[in-house]
Every structure is written in C-alpha cells, then in structure tokens.
Amino acid sequence: MSDSKTERPDSASAPRGAAAGESRQDSGPANFVRERIASDLAAGLNDGRVATRFPPEPNGYLHIGHAKSICLNFGMADEFAGTCNLRFDDTNPEAEDTEYVDAIREDVRWLGFDWQEREFFASDYFERLYQFAIELIKAGKAYVCSLPADKVREYRGNFYQPGKDSPDRGRSIEENLELFARMRAGEFADGQYTLRAKIDMQSANLNLRDPPIYRIKRVDHHRTGNAWPIYPMYDFAHGLSDALEGITHSICTLEFEDHRPLYDWFLDNLEVPARPQQIEFARLNLTYTVMSKRKLAQLVRERLVDGWNDPRMPTLCGMRRRGYTPEAIRAFVERIGVAKRDGVVDVSLLEHAVREDLNARCPRLMGVLRPLKLTIENFPAGRSEMIEAPLFPDEPERGNRTLRLTRTVYVERDDFREEAPRKWFRLAPGKEVRLRYACLVTCTDVVRDADGNVVELLCRWDPESLGGKSPDGRKVKGTLHWVSADHAIDAEIRLYDRLFNVENPAAEGHDFHEFINPDALEVITDAKLEPRLGEMSPGEHVQFERLGYFCADQPHEGMTVFNRTIGLRDSWAKLEKKLKADS
RNA sequence: UGGGGCGUCGACAAGCGGUAAGUCACGGGUUUUUGGUACCCGCAUUCGCAGGUUCGAAUCCUGCCGCCCCAGCCA
C-alpha cells in the first residue's frame, strides 16, 4: 500500500515534463473523472486513498471498448498512486465460464496492466452478500416475493404508470427470513421466489420499484459449483463488492447512470466498510465495427469470423493477432479522451495510432504480394549481386541484411501498367524505375500468355546504378520493392480490411449482416518474400516496404504466414482517384 | 404522458465569466532510393436555437429544439 496522502498527480509527473512549466502531457488530456478524483482527494475523502477496479463479466472476450475502461481504471490508480483491482463480476453462472476468465487475464496483462495479487471474484463474496441480504430483511427493507416473472413485470408498471405493491410486500420479517433461508437451502424451483429490496413502487426511476436482488437459479457456477442455488443480481452485488474491496471510485458506463440511486441505496441501508461512489462515462463506439458482446458472440457463433481472435474482430485478442500493439491501443485510448457524451470515434484515429507506433518500431523488409516476373536481359544469368540494405533506413546504424540481385526478380503486379496514367512513375513500357537498393531498370518489352495477359516484364538495367543510385543525376521518381526469383520464399499473406462496409453497422432498422464486408479478408497464397522474413516468429512486427505493416502468424501447412495489420497511407490511390474524377 | 443524461469544426475533445487548445480526417507545400516517414501551412468571427443577466457569455439564468439510456428473476 502506498501512502500518498499529499501526492498530487502534477507533482508526481513533474520530473518527466522538463519543458513547459505546468504542462502535464503524460497524464493525457483533461477529463472529468480525473478532476473528480483530484477534488475528492483535495477534500480529504477516503483518507487520500484512490482505489478503482475493472469489473468484467467472464461471459465473453474483451474488446477495444473494454480497453478504454481498463486504461481509465488502471490509469487513474497509477496516476494517483492508488490501486486497481481486477474483479470478475460473476453473478450469473448461466453465461459465464473459466475460459473467459483466462482470456480476460491474458488480455489485461497484454495491454500492460498489473493487478498484482488483487484479483477478485464477486463469487468470493457470495456468503457475505447473503449476510447483507439477511441484514436488509431484518431491517424490514427486503422481502421474499412469490410473484412470477411476468407478474413482477406487470406490477412494476411502466414509464407512465406507477407500480403496484407486491402482495408479499408486507410479509413479516420472520417469514422473510425463513423463506430466504429455504431459498438458500435449495428448497424451491427456479423462479418460484425472489428476494426484493423494499424501496418505492411509485418511484419515477424503475430501478427503485422494489428491484429483485436474489433469484433462484439451480445452475452450477464455474467457481462455486453447486454451492449456491440462489445468485445475487448485479445492482446488489456490484456496489457491495466495491464496498468490501474498499473501492473509492467505481467507474462504469453511462447506461448505469440511473442505477446509481440504487447503488447508493444499498450502501446507505447496510452496514458497509467503505463508501464508494459510482462515476459514469461514455463507452467507446468505433466506426465500421460492432462493439456489443452479443453481436461479437453472434459473429463467432455464426462462423462469420474464425473465432474471437479473428484479426477482423475488435477484440483485444483479435487485434493482437492482427498486429496491433498494446502501446498503440493505449495511445489511441489516451487520445479519444473520457467524457459523458456518447459518440462514435472514427477508426482512422485507431489506424493512425497503430501506424505511428509501428512506424517507430518496425524493421523494413521487402515482400511481393502479387508477383510479376521481371527479367533483366542484360544481367548475366548466373550472376548474384550481394547488396547490403538497411533494416531501418532512417537509422542505418541499426543493421543491415543482405539482398540478392539476380537476372530475374519479382515485382508487384500493381506496379506495372501497360498504359501509364498521368503522374504515374512506376513501371510501364519504356519507363525507367528504381528497384529499391538494387538498380535502375527500364522496361523494354512484355511477355504475354495465350490469353494476352502480361506474364513477364523484360527490362534492361544500367550497371552504373548498382545500389539504386542515379549515376548521372537523372531523376527516377519511382522506386519499387522487389525480391529475387532465385532466393525468395513463398508465403501466405492475409489481407484484412474493415469488417463492415458502413460506418454504423448496428444502425437501427437494419440487420448488421447486410453490412458485412465480404472483402474484409483476402488470402494470398503465392506471395514472394525476401528470405529474412522466413525467420520471424509469430507476433513479430515488420513493415513490408511500400505496402504496410504485417505481423507474423503461426505457419500454415508449412508456409510462412503474415497478417496485414494496416496498409501504409496511399497518396497515389488518392491522387489517382482525383485524376479520374477530374477527367 | 415519466425518469436519467448529453448537445463546442466531418470525427474525438479541451474550455470552469475575459474574448474558441489539441488529435484524427481533409486541402496545399518541403524533404525523401518507401507516392511511407518527418516537417511547414490552411481548416469553428463561432460554441443546438431563442431570449435575458453582464462592460464582457461556449461558460450564468429562462424557454424551446435535438440525440442517447431506462419497463431482464442480464451485466
């Protein structure tokens, strides 16, 4: 436990921000949660302690939306020298499973956060929560209700109609105690009884109309097995778990805003060891994807993707396989900020964050996705020129690898056009281009197959240009990536794109299925890569020059596999589009 | 016909009565053996609308309008 009563975030980070006086760059943009915590601290609340928690329900995998919550909760704890617990909110055994518990742990750790020994489960508190319920009954503030689900709904009323009291509302404390004990003992069938908080059936807030707090569910729990035939509801369990853990700031999403009076009611009416407060912020929405667990689970179940970790998924494990880095995700989350207005963040912000991170860390190598043979006619057949090329062109001191220039190489099919459009400075009949680090070649002829398709380019090189230099200073604007036909390795490349082709696939009045992008995955099985790429291990990041950032995956049928994380910005594509539009 | 929130550039988002930060996107340019990167420039006379208070309002008041959430024995 760190004792940091007087430690302010500013002073804590001051030594790092040497530049401008009071700047607090490293804590991210200002936000109301940080402000609240700071003012609570200033007011001397909670003995200067800050304790948060990240409370996932283990019924699905974590996604980028959770990352926002994780970064916020762990971030606030870090910043204020506090703690952040990992708590599994496992009060509904029907949907939950240890598979998810394990995956969640892995993802949080991967994102870069450490909850140390503070891993908890709401199910750890079942006995204590049960005692809290008894305390409520004894105070005349909870009762066992025999109304079936549909009747409860009916008695609850609606937005415009007040509710009606349950016929069991006046049940004696003794009888409530006995019935509740029998519920716990497993004497009743599912749904036969519920324990309800006795609050106010007239309340304008439906959550306060005697909400059920315990239901009978004779279902095995992934951790407590068959020890409990009754399980507490979220509203009851969550705030009390917070109190038991000494949480000071219970940060959750906007839809719980009108649960807050209920959250407070339990804390006010029970003898609790701490008094946490709930603070709500807007959950993350991203364009061109869906974020609800239900829809993600549906994509998996219906085999529209290859599982929770399919690189097209916005899940953390999917993004990891896609090649996203924790640093990129954290930078992204920092930039989008934290506020209460719900909106949709443009994916381009996320894409920018990955490019930025990958640009700084990736070695540059060459791979050809759609190979087109290029033969240098005036290059001797048996000759193999060794070329030292930098792995990090902007930082040559970080090392080289050797390239082999041979008479026949592969270039990208997209880099050749029989008819060069305006401003095209790649290959075309008669055009001279540079093969990166190798030499200048001029296309002299093309070879076609029986159907007239170009299957090979015939070129002549300028021997003086070895290394790619322009011997006489002549301008050669185009530089292409290439690999030696004699030395290249074969590889499978998976090209990923947005899972949906509209900004908001979850739009009302539509089924998201109609927006699934059929081209979100393209598999190329005949890519040619420079040999060094065959030595990378799964998870390694690399830039294929001029193409994008790729991440090595598990070999497939003995072949090297790379997943494309994100393409490079393509200003030619933009230019061409404009050119076409203009004409 | 109820309750709870929220409305600042195309998208996020600062702003907390003293005269609209930043990021992404977009447009233009410089450098470049990645049409990448980096760098430079431009991009809200206006803060949902209408009144009011004030020397002064995105910030305070009033009234409208719009959007989101709530009627699980889910979380």
Side-chain angles (χ1 to χ4, degrees), chain A residues 29-31 35 55-57 59 89-92 94-95 145 147-149 152-154 156-163 190-196 203-209 211-217 230-231 233-235 237-238 252-261 280 282 284 287 293 332 334-353 355-356 359-360 364 366 389 393-394 423-426 434-438 440 465 467-470 476-481 503 543-548 567-576:
Chain A
N31 73 57
E35 232 162 68
E57 183 189 11
N59 68 343
D89 218 338
D90 56 351
T91 56
N92 181 8
E94 252 148 9
C145 178
L147 252 23
V152 170
R153 196 174 311 124
E154 188 184 316
R156 185 160 37 222
N158 57 43
F159 298 155
Y160 318 112
Q161 225 106 25
D190 285 15
Q192 195 174 342
Y193 287 106
T194 54
L195 180 69
R196 294 228 254 162
S203 175
N205 182 341
L206 267 41
N207 294 124
L208 264 22
R209 318 242 264 228
I213 57 180
Y214 264 92
R215 73 290 215 187
I216 299 171
K217 238 187 231 286
I230 57 172
Y231 294 96
M233 299 284 292
Y234 167 85
D235 287 305
H238 200 91
C252 65
T253 44
L254 252 28
E255 68 270 26
F256 291 102
E257 213 148 15
D258 34 78
H259 288 242
R260 192 177 348 125
E280 312 85 11
L284 169 67
T287 53
K293 246 191 244 181
F332 164 72
E334 180 129 313
R335 268 171 219 183
I336 58 174
V338 179
K340 292 195 73 149
R341 62 185 105 106
D342 45 4
V344 188
V345 175
D346 203 313
V347 253
S348 66
L349 217 64
L350 212 211
E351 294 174 343
H352 175 263
R355 285 199 187 97
E356 184 177 56
N359 173 54
R364 268 62 168 174
M366 294 195 286
D394 297 330
K423 300 202 173 167
W424 172 263
F425 31 84
R426 278 118 101 149
R434 172 184 298 106
L435 295 184
R436 176 150 241 226
Y437 302 127
L440 301 179
S465 70
K469 292 176 287 287
S470 173
V476 178
K477 294 268 299 184
T479 298
L480 309 187
H481 58 280
E503 284 200 8
Q543 183 195 107
F544 285 8
E545 292 217 51
R546 302 211 309 134
L547 296 176
L568 256 26
R569 285 183 61 204
D570 187 351
S571 58
W572 162 249
K574 256 181 227 168
L575 212 205
E576 185 173 35

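Every chain is numbered from 1, with letters handed out A, B, ... down the list of sequences. As a basis for the values below, the full set of heavy atoms in this structure was taken, side chains included, without hydrogen atoms, waters or symmetry mates.
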*Just checking A:N158: base, sugar-phosphate only, or nothing, at a heavy-atom cut-off of under 4.0 Å?*
base
When you check the phosphate oxygens OP1 and OP2 of B:A71, does a side-chain N or O of A:R153 lie under 4.0 Å from one of them? no
Quiz item: Reckon A:R364 touches a base, only the sugar-phosphate, or nothing at all at heavy-atom distances under 4.0 Å?
Solution: base
Any strand, both distances under 3.5 Å, Watson-Crick or G-U wobble: B:U46 pairs with none
Point to revise | Whole-Å C1' distance, B:C65 and B:G29 | key: 44 Å
Give a yes/no verdict on base stacking between B:G2 and A:Y160: centres under 5.5 Å, planes within less than 30° of parallel.
-> no
With syn meaning chi within 90° of zero and anything else anti, the base of B:G10 is anti
* Give A:L480 one of three labels, base, sugar-phosphate or nothing, depending on what nucleic acid heavy atoms sit under 4.0 Å from its own. => nothing
Exercise. Taking the same atom, C1', in B:C67 and in B:U34, what whole-Å distance lies between them?
Worked result: 45 Å
Distance check: side-chain N/O of A:K293 vs OP1/OP2 of B:C74, anything under 4.0 Å? no
- Answer with base, sugar-phosphate or nothing: what part of the nucleic acid does A:R436 contact at a heavy-atom distance below 4.0 Å? base
- [ ] Can you tell me, in whole Å, how much space there is between the P of B:A57 and that of B:C16?
- [x] 15 Å
With sequence neighbours left out, the residues meeting side-chain hydrogen bond (donor to acceptor under 3.5 Å, both in side chains) with A:R355 are none
For B:G72, does either OP1 or OP2 sit under 4.0 Å from a side-chain N or O belonging to A:R215? no
Nearest-nucleotide check on RNA chain B, A:E545 vs A:Y234; residue mapping nearer the 5' end is A:E545
Tell me what A:F425 touches on the nucleic acid: a base, only sugar-phosphate, or nothing, going by heavy atoms under 4.0 Å. base
When you compare the ring of A:Y214 with the six-membered ring of B:C73's base, are the centres less than 5.5 Å apart and the planes under 30° from each other?
no
Looking at every strand, decide which applies to A:R156 at a 4.0 Å heavy-atom threshold: base, sugar-phosphate, or nothing. sugar-phosphate
TODO: Would you classify A:E94 as touching base, sugar-phosphate or nothing, given that sugar-phosphate means primed atoms plus P, OP1 and OP2, and contacts are heavy atoms under 4.0 Å?
DONE: nothing
message: Looking at A:Q161 and B:U1, is any side-chain donor or acceptor paired with a base atom of the opposite kind under 3.5 Å?
response: no
Closest to the 5' end of RNA chain B, once A:N59 and A:A204 are matched to their nearest nucleotides, is A:A204
A correct 5'-to-3' footprint of nucleotides 8-22 of chain B, with B, S and - meaning base, sugar-phosphate only and no protein heavy atom under 4.0 Å, is B--SSBSSB------
Using Watson-Crick geometry (N1-N3 plus N6-O4 or O6-N4) or G-U wobble (N1-O2, O6-N3), each under 3.5 Å, B:C39 is paired with B:G29
Just call it for A:F256: base, sugar-phosphate, or nothing, with non-hydrogen atoms closer than 4.0 Å on any strand.
-> base
With no hydrogens and no angle check, just 3.5 Å: does a side-chain donor-acceptor pair link A:S203 and A:N205? no
request  = Select base, sugar-phosphate, or nothing to describe what A:I216 touches, counting heavy atoms under 4.0 Å on all strands.
outcome  = nothing
Under-4.0 Å side-chain N/O to phosphate OP1/OP2 contact, A:H481 with B:U34: no
B:C67 -> Watson-Crick or G-U wobble partner, both distances under 3.5 Å, gives B:G5
Worksheet item: Contact class for A:M366 vs. all strands (heavy atom < 4.0 Å): base, sugar-phosphate, or nothing?
Response: nothing
Review point. A:P162 near the nucleic acid: base, sugar-phosphate alone, or nothing, with a heavy-atom cut-off under 4.0 Å?
Key: nothing
